[in-house]
Each structure stands twice: as C-alpha cells, then as structure tokens.
Amino acid sequence: MKKMFKSLIGILMLCTGIISCKKDDSGPSSGEVKAKDFIYNLATKNFTPDTALTAEVTSSGAVDIVYCYLVRSNTSDSLIFVGKPDPGESRDYTFHISASKIPFSSVKSVRGIKVMVRQGGNSSYQGLVKIDIYDPTKPFLSEFPVSISPDLGGGPTAITGKITSESGIAKVEILDDYQASGVFKPVQSITVSNEKEYNLNYLYTYRKAAQHIKIIATDIYGQAMEQVIDMPVDVNVFKPKFADFPESVTPDLTGGPTKVAGRITSFTGLSKIEIYDDFEGSFVSVKTIGDLNDSHDYTLNYDYQYRKRASKIKIVATDADNLTTELVIPLNVTYATEVYRDVMMSSQSATAPGSFFDASTGTVFGNCEVSGNENKLDFLLYTSTAGVLSFYSPTNTASAASSYKCNGVSWTPVTANLKATRFRVLLPTTAGNTASDNIYSAYNSGSINNLDDSFFGTISVPGSSSTKYDATATPASNIFNTTSAYLIWFRIPQANGSNKNCLVRVKEVNINATVGLSTVKFDIIVQK
C-alpha cells in the first residue's frame, strides 16, 4: 500500500495542472481553465492540497457565465456550481468549490469537475479539473498479545506491539477498565510525530479490578483502530466483601429501630457505605456512612427505621479505588396489597388501538393480546370522542368491544369472560373529616396496606361502569382530575364471586387531539 501511494503521489507531481481546452466553433474567442490537480481525502472528507477546489478561467473575450458539472463514472454529469464574474473579472475569473458540494455517498466514482465557460457572442469552451480519490487505510496493529498476566503487586507490566500507518500515526492511547468491566478509562496518551511505523513498549501499572487493556492508534486524519488485550484476573479479590450479615431481617413494624449488623472487609480500604430501601418501589437512599479512614475491616451496626411498603434493604460498600459491592437483604414482612407505580396506559377508541390492565400481575397489554385472555382484562382506557377520556369497564361492549382490533382486524370478545368492573371517584372535603378525607390522608402518608371493604368505611360501593377525566368540571363520583379528586376506587369482580378492591392515584393525563392517542399515568394499589 505504501508503494502504491508513493506511485500515486509521483504521478500527481508530474501533472502540470494546466487543463487543455477545447474551443467551440460557435465564436472566435478562446480561453482556458487553469487549476491544480486535486485529491479528495476520504478520511477528512476534504480536498488537498487546498481545502477548497480553486480554478481560474481566462478568456480572450468577456466571460459571461461558468457552469461546473461533477463528472462520475457510470453516472450522468450533475451541475454543482454556477458562477458569474463581476464586470472587472470578465476576462480573468477565479472561483472556488467547497468539498461539501461533493456527494460523499458516491465520492469514489468522482473523476473531476467539468467546467463549461460561456463567453460573449455565444462562444464557449470547456475544461476539466481532475480529482483523484485518496482512501487512506486505518492504522494496523500487530504483534500485540491476546492476553497478559499483570503484576498485581504494583510492579510494571510490559505491553508491546507494532503499529503501522501509511498516512502517519498521530497518537497512541492506553486504557483499562478498572472501574467496571468493559468501561474503559484513560491510562496514558502518547503523542507520535506522524511516524508510519511505531513500536509500542509501554510499562503498565495494574489498576485493581481491571480485566482488559485497550490500545487505540489514531492517524493524522483522525482514523482510529483499536485492540483489546485480556487480563484474566479474579477481580472479586479486590472488591469489598460482606460477612456475618443475616439472610433476612424482620423489621419492627411499631416504629422502633431494626438492627442491621455485619462485617465489611476491603483489600484497599473502605471509603463509604450506603444503605437503601425500596419503600417507593425502587431503591432510595436511607443513609450514607463516610469518613471510614480507609478501614480494611469495618463492623456495621445500623439501626434501620422501617418504612411501610419496603420489602428489601440494600447495602453498597465502596472502596478507595471506587470499586463497589452490594448486598440485598429481604425484609420479613407480608403486605395485604401490591403497589404498581407509574403505570402508563394509552386509550382505546373506535379507530385506534389501546391498552388494558391486568391487576393480578400489574401488567399493561394491547389489543392483539385480548382475544382468548378476556378474563385478564380488568379495565381499559377509552376515548369516545375527541377530548373525552374515561376508565371503562370491559363489559361496556356496546361502545368499547367493537373496537378491539389487532392490526386493523376486529373480533367479538367472549363477553361471558369480561368483568363488570365498577368505579367511584373519592371526593375530599374542606372539612377533612369524612371517610374520603381519611383515605386521602392515609394515601399521602404512605400508610395504606389493607384494602378490604372496611377500609372504605361508609363510602358507597362503586356503581359506575366508567369514570371520566375533566380538569375544569366539578369533581363527582364519576368525574376525576389530577389535582383535587385524583383517587379512584376500582372494584373488580373475581371468578369465585368475590371482589378485588384497587385504589388508583391518577398522576398525569395527556389529552391528544387525535381520538385514541391520549394517555394516563397512575399508581395503583391492588388488594391481594
């Protein structure tokens, strides 16, 4: 490749760059197009030796207009530039064409720029500016080992190999993944003076928990090639370790502290310990313990304050090298309800598919999954007309079932298996002393567990087969919003004749101008 490129350069140097011209028979004036031969570099997507193609048009008569056409093999010429000289340039006109005018998708077929010059008196002539395409190969890495055994004690480990590049090497970078496997962080960057052949001999100091080294070679055009070298090291020996912790913990449900104790050891010393629980459905921070003075053996003795709905505690230990290990401890607590958070449903309509909710699993499914699974359909979101969005009972077959379509194909559901779910919006009062007020208070404090009928006290059992969203109307037992009347009691019949109570907290409503494209986001507490 090096010899071929040298030959190409030699040929280009022999070119005079003066393009021969063909005089048209349409007039006596004569002229010529003068330009260097240009090279288009595929790596930089630009011309060399100049960053823009420059040509000079000279004429014995006045130059009226210049047309430039891109010449490609197996493709019709295409007009890419039109130039009209100022009056003072009428006999000697210089123009420039940027590399952006060259379509990169077909640049390899480019042969040059055809210049058509029209002169006064309707005479004309043409010339060709030659363009050669240079496609430099990326750097090539060879003689590097597939794997190495690093010195874990901190001594140097030699990394050797050969890098070649026909255009010249600009830099070589060494990286490793000491923080997380496969996530590479810089170790060293070596500037190379455009050498075409470079022998790397780098003394690498092992960073604890690294499993791979990456070598990246970049040429003068910014083209890079890389190679990954394995380091078969058991990184677990470096990460913090947990000992003497219980397999599970029984929390104090009365509000007293729950003891969480055990030992944490570290090869390099501990920098911090973080404790989380999942009372909100995902892990959130409870406590961070710092100032551990790089302890290699730390006894944790923590008083955890139980929070309702938490089912697990997570402890994360981080050492001085920012390596982490985590331990998850289940809490021995049984809840009478299940909570599903940030559920997103889209609405069903006569023209648009929607989504349906299965309270037994907390999952949302679509139209193509309804047929044959009617007994899993607990409620749906339905849009009857633009701007009207409602939670619907599956038994509202007169309007909703007719639009159960999968890829535009509808079917008639097995109505005997559809549930007559009923809804009631809970309405708080300014007095704050009703059964609904008590439920809002319990919900907002996060203290709800049991959802049996007694929880709802004197509130009438839900009786509506739908409940509608309206942000401006006065809330009612079948009208909800997201600001003041956002809790809805869902009552879902079960196959054994019982009912399953659910409490939905509507969080966000998006009303779309297109019927059927509206959405609702909510949290739902489901009775087990």
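Given the structure is predicted, the values throughout are model-derived calculations rather than measurements.
- Residues T434 and D437 bring a donor and an acceptor atom of their side chains to less than 3.5 Å of each other.
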Let me have the donor-acceptor pairs involving side chains of residues 225-236, under 3.5 Å, with sequence neighbours excluded, atom names and distances please.
unit_1, atom_1, unit_2, atom_2, d
E226, OE2, K214, NZ, 3.4
D230, OD1, H212, NE2, 3.4
D234, OD1, N236, N, 3.3

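- Less than 6.0 angstrom separates the ring centroid of Y486 from the ring centroid of Y440.
- Of the N and O atoms on the side chains of T268 and D319, at least one donor lies less than 3.5 Å from an acceptor on the other residue.
- Contacts classified as side-chain hydrogen bond (donor to acceptor under 3.5 Å, both in side chains) and involving residues 519-528 (residues at least two apart or in different chains) are given here: K507-D523, E508-K521.
- Smallest separation of non-hydrogen atoms from D378 and A359: OD2-N, 2.6 Å.
- Under the side-chain contact (heavy atoms from CB on, under 4.5 Å) test applied with I213, the options F144, Y204, F184, Y206 reduce to a single match, Y204.
- Smallest separation of non-hydrogen atoms from T337 and R309: O-NH2, 2.7 Å.
- Atoms CZ and NZ, on F279 and K312 in that order, are 14.0 Å from each other to the nearest 0.5 Å.
- For the pair F357/L381, no side-chain contact is recorded, criterion being any heavy-atom separation below 4.5 Å from C-beta on.
- Under the salt bridge (Lys or Arg N to Asp or Glu O under 4.0 Å) criterion, the residue pairs touching residues 243-265 are D244-R263, K259-D303, R263-D297, with sequence neighbours excluded.
- The salt bridge (Lys or Arg N to Asp or Glu O under 4.0 Å) pairs that include a residue from residues 479-499 are D453-R491, where partners are two or more places apart or lie in different chains.
- Between F391 and the choices Y382, Y469, F490, the ring pair (Phe, Tyr, Trp, His ring centres under 6.0 Å) rule is met once, by F490.
- Screening L327, L292, T325, L270 against I264 for a side-chain contact (heavy atoms from CB on, under 4.5 Å) leaves a single residue, L270.
- Y178 pairs by the side chain to side chain donor-acceptor pair (under 3.5 Å) definition with nothing, not counting sequence neighbours.
- A heavy-atom distance below 4.5 Å is found between the side chains of N501 and W489.
- Not less than 6.0 angstrom separates the ring centroid of F423 from the ring centroid of F480.
- Take T318 and apply the side-chain contact (heavy atoms from CB on, under 4.5 Å) test, not counting sequence neighbours, and it matches S271, K272, E274, V316, N322, T324.
- If you run side-chain contact (heavy atoms from CB on, under 4.5 Å) between N512 and each of L389, L517, T383, only L517 comes through.
- Side chain of S393 to backbone of R422: no donor-acceptor contact under 3.5 angstrom is found.
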